[in-house]
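All remarks here apply to the structure that follows.
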Amino acid sequence: MLDDLEKLKAGFLSRISSADSLPQLEQARVELLGKKSEIIGLLKGLGKLAPQDRPMAGKAINNLRVAVETALEQKISTISRREMVERLEKETFDITLPGRKAGEGGFHPIGLVMEELIDIFAGLGYMVEEGPEIETDERNFKMLNFPDDHPARDMQDTFWVQNGARLLRTHTSPVQVHAMEKYKPPFAVIAPGRVFRCDSDVTHSPVFHQLEGFHVDKGINFGHLKGSLELFIHRLYGVDTKVRFRPSFFPFTEPSAEMDISCVMCGGKGCRLCKGTGWMEILGAGMIDPNVLSAGGIDPEEWTGFAFGFGIERIAMLKYGIDDIRLLFENDPRFLGQFR
Ligand code: DAH
(Lines give C-alpha, C1' and ligand atoms only; values in the text may rest on other atoms or scores of the structure.)
Protein backbone atom coordinates (compact mmCIF):
# COMPACT_ATOMS: atom_id res chain seq x y z
CA MET A 1 0.00 0.00 0.00
CA LEU A 2 2.83 2.36 0.83
CA ASP A 3 4.21 1.83 -2.63
CA ASP A 4 0.81 2.69 -4.09
CA LEU A 5 0.76 5.89 -2.10
CA GLU A 6 4.22 6.83 -3.36
CA LYS A 7 3.02 6.32 -6.94
CA LEU A 8 -0.10 8.36 -6.27
CA LYS A 9 2.04 11.11 -4.78
CA ALA A 10 4.29 11.26 -7.83
CA GLY A 11 1.22 11.54 -10.07
CA PHE A 12 -0.34 14.25 -7.90
CA LEU A 13 2.82 16.33 -7.75
CA SER A 14 3.29 16.19 -11.50
CA ARG A 15 -0.39 17.22 -11.86
CA ILE A 16 0.39 20.26 -9.71
CA SER A 17 3.62 21.15 -11.45
CA SER A 18 1.93 21.05 -14.85
CA ALA A 19 -0.74 23.57 -13.72
CA ASP A 20 0.34 26.94 -15.06
CA SER A 21 -2.15 29.49 -13.80
CA LEU A 22 -4.09 30.25 -10.63
CA PRO A 23 -7.40 28.95 -12.06
CA GLN A 24 -5.70 25.70 -13.15
CA LEU A 25 -4.23 25.32 -9.64
CA GLU A 26 -7.63 25.89 -8.09
CA GLN A 27 -9.01 23.13 -10.31
CA ALA A 28 -6.14 20.82 -9.24
CA ARG A 29 -6.84 21.61 -5.58
CA VAL A 30 -10.50 20.60 -5.98
CA GLU A 31 -9.52 17.39 -7.77
CA LEU A 32 -6.75 16.38 -5.37
CA LEU A 33 -8.12 17.50 -2.01
CA GLY A 34 -11.87 18.08 -2.53
CA LYS A 35 -14.69 15.94 -1.15
CA LYS A 36 -14.61 13.61 -4.16
CA SER A 37 -10.81 13.30 -4.30
CA GLU A 38 -8.87 10.05 -4.04
CA ILE A 39 -7.20 11.17 -0.82
CA ILE A 40 -10.56 11.71 0.91
CA GLY A 41 -11.68 8.36 -0.49
CA LEU A 42 -8.62 6.68 1.02
CA LEU A 43 -9.21 8.33 4.40
CA LYS A 44 -12.84 7.20 4.34
CA GLY A 45 -11.66 3.67 3.53
CA LEU A 46 -9.45 3.47 6.64
CA GLY A 47 -12.32 1.96 8.61
CA LYS A 48 -12.23 -1.10 6.44
CA LEU A 49 -8.62 -1.94 7.29
CA ALA A 50 -7.63 -4.26 10.09
CA PRO A 51 -7.35 -2.21 13.34
CA GLN A 52 -3.60 -2.80 13.67
CA ASP A 53 -2.96 -1.45 10.16
CA ARG A 54 -5.00 1.72 10.60
CA PRO A 55 -2.48 3.98 12.43
CA MET A 56 0.28 3.46 9.91
CA ALA A 57 -2.01 3.75 6.88
CA GLY A 58 -3.66 6.86 8.34
CA LYS A 59 -0.31 8.47 8.91
CA ALA A 60 0.85 7.67 5.38
CA ILE A 61 -2.32 9.03 3.79
CA ASN A 62 -2.02 12.15 5.91
CA ASN A 63 1.58 12.63 4.83
CA LEU A 64 0.39 12.38 1.26
CA ARG A 65 -2.24 15.06 1.90
CA VAL A 66 0.31 17.38 3.55
CA ALA A 67 2.71 16.87 0.64
CA VAL A 68 -0.02 17.77 -1.85
CA GLU A 69 -1.06 20.85 0.17
CA THR A 70 2.54 22.05 0.46
CA ALA A 71 3.18 21.59 -3.25
CA LEU A 72 -0.02 23.50 -4.06
CA GLU A 73 0.91 26.39 -1.78
CA GLN A 74 4.38 26.66 -3.22
CA LYS A 75 3.11 26.60 -6.75
CA ILE A 76 0.43 29.20 -5.94
CA SER A 77 2.98 31.54 -4.47
CA THR A 78 5.37 31.05 -7.42
CA ILE A 79 2.65 31.79 -9.94
CA SER A 80 1.29 34.77 -7.96
CA ARG A 81 4.71 36.30 -7.82
CA ARG A 82 5.29 35.66 -11.53
CA GLU A 83 1.93 37.25 -12.38
CA MET A 84 2.74 40.30 -10.25
CA VAL A 85 6.10 40.75 -11.95
CA GLU A 86 4.45 40.43 -15.36
CA ARG A 87 1.80 42.98 -14.39
CA LEU A 88 4.35 45.43 -13.07
CA GLU A 89 6.30 45.17 -16.30
CA LYS A 90 3.19 45.74 -18.38
CA GLU A 91 1.94 48.59 -16.19
CA THR A 92 5.00 50.82 -16.29
CA PHE A 93 3.70 54.35 -16.74
CA ASP A 94 5.08 57.45 -18.33
CA ILE A 95 6.34 59.67 -15.55
CA THR A 96 6.95 62.46 -18.04
CA LEU A 97 3.17 62.89 -18.60
CA PRO A 98 1.98 66.23 -17.21
CA GLY A 99 -0.02 65.96 -13.96
CA ARG A 100 -3.73 66.67 -13.71
CA LYS A 101 -4.43 70.19 -12.49
CA ALA A 102 -6.71 70.72 -9.51
CA GLY A 103 -9.89 72.53 -10.58
CA GLU A 104 -9.59 76.29 -10.69
CA GLY A 105 -11.75 78.29 -8.32
CA GLY A 106 -14.05 81.08 -9.47
CA PHE A 107 -16.12 83.88 -8.05
CA HIS A 108 -19.56 83.33 -6.55
CA PRO A 109 -22.37 84.97 -8.57
CA ILE A 110 -23.28 87.16 -5.56
CA GLY A 111 -19.68 88.37 -5.36
CA LEU A 112 -19.64 89.03 -9.12
CA VAL A 113 -22.83 91.09 -8.98
CA MET A 114 -21.62 92.90 -5.86
CA GLU A 115 -18.40 93.90 -7.64
CA GLU A 116 -20.36 95.17 -10.62
CA LEU A 117 -22.70 97.21 -8.38
CA ILE A 118 -19.79 98.70 -6.45
CA ASP A 119 -18.10 99.63 -9.75
CA ILE A 120 -21.21 101.41 -10.99
CA PHE A 121 -21.75 103.39 -7.79
CA ALA A 122 -18.06 104.18 -7.35
CA GLY A 123 -18.26 105.62 -10.86
CA LEU A 124 -21.12 107.84 -9.67
CA GLY A 125 -19.03 109.12 -6.73
CA TYR A 126 -20.32 106.90 -3.91
CA MET A 127 -17.98 105.54 -1.25
CA VAL A 128 -18.35 102.09 0.30
CA GLU A 129 -19.14 101.50 3.98
CA GLU A 130 -19.74 98.12 5.60
CA GLY A 131 -21.20 98.45 9.08
CA PRO A 132 -21.53 95.55 11.56
CA GLU A 133 -23.70 92.47 11.00
CA ILE A 134 -24.56 92.35 14.69
CA GLU A 135 -26.55 95.49 15.48
CA THR A 136 -28.33 97.18 18.33
CA ASP A 137 -32.09 97.54 18.34
CA GLU A 138 -31.35 101.30 18.38
CA ARG A 139 -29.64 101.47 15.01
CA ASN A 140 -31.54 98.68 13.27
CA PHE A 141 -34.96 100.06 14.28
CA LYS A 142 -35.29 102.98 16.71
CA MET A 143 -32.99 105.52 15.05
CA LEU A 144 -34.51 104.57 11.70
CA ASN A 145 -37.85 105.81 12.98
CA PHE A 146 -39.48 102.39 13.49
CA PRO A 147 -42.29 102.70 16.04
CA ASP A 148 -41.92 100.38 19.08
CA ASP A 149 -44.78 98.19 17.93
CA HIS A 150 -43.68 97.91 14.28
CA PRO A 151 -44.25 94.36 13.00
CA ALA A 152 -40.71 94.12 11.59
CA ARG A 153 -39.45 93.94 15.20
CA ASP A 154 -41.38 90.69 15.62
CA MET A 155 -39.60 87.57 16.82
CA GLN A 156 -40.67 85.96 13.53
CA ASP A 157 -38.54 88.27 11.45
CA THR A 158 -35.57 89.14 13.62
CA PHE A 159 -32.78 86.92 14.89
CA TRP A 160 -32.08 88.23 18.40
CA VAL A 161 -28.81 87.58 20.18
CA GLN A 162 -27.69 88.20 23.77
CA ASN A 163 -31.25 87.87 25.16
CA GLY A 164 -32.64 90.61 22.98
CA ALA A 165 -29.85 93.12 23.63
CA ARG A 166 -28.47 92.70 20.11
CA LEU A 167 -29.76 91.37 16.82
CA LEU A 168 -28.52 90.29 13.43
CA ARG A 169 -29.25 93.28 11.22
CA THR A 170 -32.45 92.72 9.26
CA HIS A 171 -31.43 95.23 6.56
CA THR A 172 -28.47 97.42 5.58
CA SER A 173 -30.32 100.64 6.48
CA PRO A 174 -28.59 100.94 9.91
CA VAL A 175 -25.39 101.74 7.98
CA GLN A 176 -27.10 105.10 7.25
CA VAL A 177 -26.92 105.81 10.98
CA HIS A 178 -23.30 104.65 11.26
CA ALA A 179 -22.29 106.89 8.36
CA MET A 180 -24.11 109.90 9.83
CA GLU A 181 -22.28 109.35 13.11
CA LYS A 182 -18.95 108.95 11.34
CA TYR A 183 -18.99 111.60 8.58
CA LYS A 184 -20.03 115.19 8.25
CA PRO A 185 -22.27 115.84 5.23
CA PRO A 186 -22.13 116.07 2.30
CA PHE A 187 -21.61 112.37 1.61
CA ALA A 188 -22.79 109.70 -0.81
CA VAL A 189 -22.38 106.18 0.48
CA ILE A 190 -23.28 102.64 -0.56
CA ALA A 191 -23.36 99.81 1.97
CA PRO A 192 -23.42 96.34 0.44
CA GLY A 193 -23.59 93.45 2.88
CA ARG A 194 -25.20 90.47 4.53
CA VAL A 195 -28.55 90.71 6.28
CA PHE A 196 -30.58 88.17 8.25
CA ARG A 197 -34.24 87.29 8.66
CA CYS A 198 -36.15 84.30 10.07
CA ASP A 199 -37.47 83.39 6.66
CA SER A 200 -36.86 80.49 4.30
CA ASP A 201 -38.46 79.29 1.05
CA VAL A 202 -37.84 79.31 -2.73
CA THR A 203 -37.44 83.09 -2.85
CA HIS A 204 -36.36 83.79 0.76
CA SER A 205 -33.17 82.76 2.51
CA PRO A 206 -32.43 83.45 6.21
CA VAL A 207 -29.17 85.05 5.05
CA PHE A 208 -29.14 87.31 2.03
CA HIS A 209 -27.46 90.45 0.74
CA GLN A 210 -28.64 93.99 0.31
CA LEU A 211 -27.18 97.14 -1.03
CA GLU A 212 -28.10 100.37 0.68
CA GLY A 213 -27.33 103.75 -0.85
CA PHE A 214 -27.82 107.27 0.43
CA HIS A 215 -26.76 110.76 -0.50
CA VAL A 216 -26.93 113.67 1.95
CA ASP A 217 -26.21 117.22 0.85
CA LYS A 218 -27.74 120.70 0.77
CA GLY A 219 -30.78 120.89 -1.46
CA ILE A 220 -31.05 117.19 -2.32
CA ASN A 221 -34.57 116.49 -3.60
CA PHE A 222 -36.66 113.72 -5.11
CA GLY A 223 -35.45 114.65 -8.60
CA HIS A 224 -31.90 113.72 -7.57
CA LEU A 225 -33.19 110.39 -6.30
CA LYS A 226 -34.96 109.62 -9.58
CA GLY A 227 -32.05 110.76 -11.74
CA SER A 228 -29.44 108.83 -9.77
CA LEU A 229 -31.43 105.58 -9.72
CA GLU A 230 -32.27 105.80 -13.40
CA LEU A 231 -28.61 106.30 -14.20
CA PHE A 232 -27.75 103.30 -12.05
CA ILE A 233 -30.31 101.06 -13.80
CA HIS A 234 -29.12 102.19 -17.23
CA ARG A 235 -25.56 101.22 -16.32
CA LEU A 236 -26.70 97.87 -14.90
CA TYR A 237 -29.26 96.73 -17.50
CA GLY A 238 -28.66 99.09 -20.44
CA VAL A 239 -30.11 102.47 -21.47
CA ASP A 240 -33.25 100.94 -22.98
CA THR A 241 -34.47 99.88 -19.53
CA LYS A 242 -37.37 102.04 -18.35
CA VAL A 243 -37.99 102.93 -14.71
CA ARG A 244 -41.15 103.99 -12.88
CA PHE A 245 -41.82 105.06 -9.30
CA ARG A 246 -44.84 104.10 -7.17
CA PRO A 247 -45.71 105.67 -3.81
CA SER A 248 -44.91 103.38 -0.90
CA PHE A 249 -44.10 103.48 2.80
CA PHE A 250 -40.92 102.94 4.83
CA PRO A 251 -40.49 104.27 8.38
CA PHE A 252 -37.12 105.85 7.55
CA THR A 253 -38.12 107.74 4.39
CA GLU A 254 -40.73 110.39 3.68
CA PRO A 255 -41.98 110.42 1.02
CA SER A 256 -41.23 106.77 0.13
CA ALA A 257 -41.39 105.02 -3.21
CA GLU A 258 -40.81 101.70 -4.87
CA MET A 259 -39.07 101.61 -8.18
CA ASP A 260 -39.97 99.19 -10.99
CA ILE A 261 -37.95 98.56 -14.11
CA SER A 262 -39.19 97.32 -17.48
CA CYS A 263 -38.84 93.52 -17.53
CA VAL A 264 -35.25 92.46 -18.24
CA MET A 265 -36.50 89.35 -20.04
CA CYS A 266 -39.26 90.62 -22.39
CA GLY A 267 -38.35 94.33 -22.42
CA GLY A 268 -41.84 95.29 -21.24
CA LYS A 269 -44.09 93.22 -23.52
CA GLY A 270 -45.18 90.93 -20.70
CA CYS A 271 -43.88 87.41 -20.00
CA ARG A 272 -43.76 84.70 -17.35
CA LEU A 273 -40.99 86.43 -15.40
CA CYS A 274 -42.89 89.75 -15.03
CA LYS A 275 -46.24 87.91 -14.72
CA GLY A 276 -47.47 89.62 -17.87
CA THR A 277 -47.13 93.15 -16.46
CA GLY A 278 -43.97 94.16 -18.32
CA TRP A 279 -42.58 95.57 -15.04
CA MET A 280 -40.48 94.22 -12.20
CA GLU A 281 -40.21 95.57 -8.68
CA ILE A 282 -36.57 96.24 -7.96
CA LEU A 283 -35.98 98.56 -5.00
CA GLY A 284 -37.32 100.74 -2.21
CA ALA A 285 -36.31 104.37 -1.86
CA GLY A 286 -37.29 107.75 -0.53
CA MET A 287 -36.21 111.03 1.02
CA ILE A 288 -34.50 110.33 4.35
CA ASP A 289 -36.98 111.11 7.12
CA PRO A 290 -35.97 114.25 9.13
CA ASN A 291 -36.20 112.10 12.30
CA VAL A 292 -33.46 109.82 10.95
CA LEU A 293 -31.19 112.74 10.08
CA SER A 294 -31.70 114.17 13.57
CA ALA A 295 -31.02 110.80 15.20
CA GLY A 296 -27.75 110.70 13.25
CA GLY A 297 -26.79 114.19 14.47
CA ILE A 298 -27.52 115.96 11.18
CA ASP A 299 -29.68 119.10 11.10
CA PRO A 300 -32.64 118.33 8.79
CA GLU A 301 -33.23 122.07 8.31
CA GLU A 302 -29.82 122.39 6.71
CA TRP A 303 -29.39 119.03 4.98
CA THR A 304 -31.59 116.66 3.07
CA GLY A 305 -30.91 113.30 1.51
CA PHE A 306 -32.30 110.37 -0.37
CA ALA A 307 -31.84 106.68 0.35
CA PHE A 308 -32.53 103.42 -1.42
CA GLY A 309 -32.09 99.75 -0.76
CA PHE A 310 -32.45 96.48 -2.65
CA GLY A 311 -31.69 92.78 -2.50
CA ILE A 312 -28.57 91.63 -4.33
CA GLU A 313 -29.82 88.03 -4.78
CA ARG A 314 -32.74 89.31 -6.84
CA ILE A 315 -30.42 91.27 -9.12
CA ALA A 316 -28.20 88.18 -9.52
CA MET A 317 -31.19 85.89 -10.15
CA LEU A 318 -32.51 88.22 -12.87
CA LYS A 319 -29.08 88.66 -14.40
CA TYR A 320 -28.28 84.95 -14.60
CA GLY A 321 -31.81 83.52 -14.92
CA ILE A 322 -31.64 81.66 -11.58
CA ASP A 323 -35.09 80.65 -10.31
CA ASP A 324 -34.31 79.21 -6.86
CA ILE A 325 -32.52 81.42 -4.33
CA ARG A 326 -31.22 78.36 -2.47
CA LEU A 327 -28.84 77.61 -5.34
CA LEU A 328 -26.96 80.72 -4.27
CA PHE A 329 -26.29 79.30 -0.81
CA GLU A 330 -25.79 75.56 -1.37
CA ASN A 331 -22.39 76.05 -3.02
CA ASP A 332 -22.77 73.07 -5.33
CA PRO A 333 -19.62 73.12 -7.51
CA ARG A 334 -21.69 72.12 -10.58
CA PHE A 335 -23.71 75.32 -10.15
CA LEU A 336 -20.82 77.58 -9.20
CA GLY A 337 -18.65 76.22 -12.04
CA GLN A 338 -20.96 77.92 -14.54
CA PHE A 339 -19.81 81.37 -13.41
CA ARG A 340 -16.10 80.89 -14.06
N1 DAH B 1 -34.46 98.55 4.34
C2 DAH B 1 -35.47 98.20 3.38
C3 DAH B 1 -35.72 96.69 3.44
O4 DAH B 1 -34.95 95.98 4.00
C5 DAH B 1 -35.06 98.56 1.99
C6 DAH B 1 -35.06 100.04 1.80
C7 DAH B 1 -36.23 100.65 1.38
C8 DAH B 1 -33.95 100.80 2.06
C9 DAH B 1 -36.28 102.02 1.20
C10 DAH B 1 -33.97 102.18 1.86
C11 DAH B 1 -35.15 102.77 1.45
O12 DAH B 1 -32.93 102.98 2.10
O13 DAH B 1 -35.18 104.14 1.29
O14 DAH B 1 -36.70 96.23 2.94
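Computed from a predicted model, the values in this text were never measured in an experiment. Each ligand, and each atom within it, is numbered from 1 in the order the structure gives.
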- request: Given ring-ring contact (aromatic ring centres under 6.0 Å, His included), test F196 with H204 step by step and report yes or no.
  value: CA-CA 10 Å; F196 309 85; H204 296 90; over 10 Å; no
Show which atoms of ligand 1 fall inside a sub-4.0 Å distance from at least one heavy-atom site of [X].
X	result
F308	8 (C), 10 (C), 11 (C), 12 (O), 13 (O)
Q210	3 (C), 4 (O)
F250	7 (C), 9 (C)
S173	1 (N), 8 (C)
G286	13 (O)
Q176	12 (O)
T253	13 (O)

query: What do you reckon, are the aromatic ring centroids of F310 and F232 less than 6.0 Å apart?
result: yes
field: Ring center gap for F306 and F245 short of 6.0 angstrom
entry: no
- prompt: At the 4.0 Å heavy-atom cut-off, does F252 count as touching ligand 1?
  reply: yes
- request: Measure the acute angle between the ring planes of H209 and F329, then classify it against the limits of 30° and 60° as parallel, tilted or perpendicular.
  value: parallel
message: With respect to R197, determine whether any N or O atom, backbone or side chain, lies less than 3.5 Å from an N or O atom of ligand 1.
response: yes
- request: Could you tell me whether some N/O pair between A307 and ligand 1 is separated by less than 3.5 angstrom?
  value: yes
field: Which residue and heavy atom of the protein sit nearest atom 9 (C) of ligand 1, plus the separation
entry: G284 C, 3.3 Å
- request: Could you check atom 12 (O) of ligand 1 against the protein and tell me its nearest heavy-atom contact, residue, atom and distance included?
  value: E212 OE2, 2.6 Å
- line: The single option from I220, V216, T304, I298 that satisfies side chain to side chain contact (heavy atoms under 4.5 Å, CB included) with I288 is V216
T170 versus N140, side-chain donor and acceptor atoms under 3.5 Å: yes
Closest approach of E135 to P174 (non-hydrogen atoms, all atoms of both residues): OE2-CB, 3.6 Å
Shortest non-hydrogen contact from G34 toward I40: O-CG1, 3.2 Å
query: Nearest non-hydrogen atom to atom 1 (N) of ligand 1 belongs to which of M259, R169, H171?
result: H171
field: Full working for side chain to side chain contact (heavy atoms under 4.5 Å, CB included) between E258 and F250
entry: CA-CA 10 Å; E258 271 169 82; F250 301 103; 4.3 Å; yes
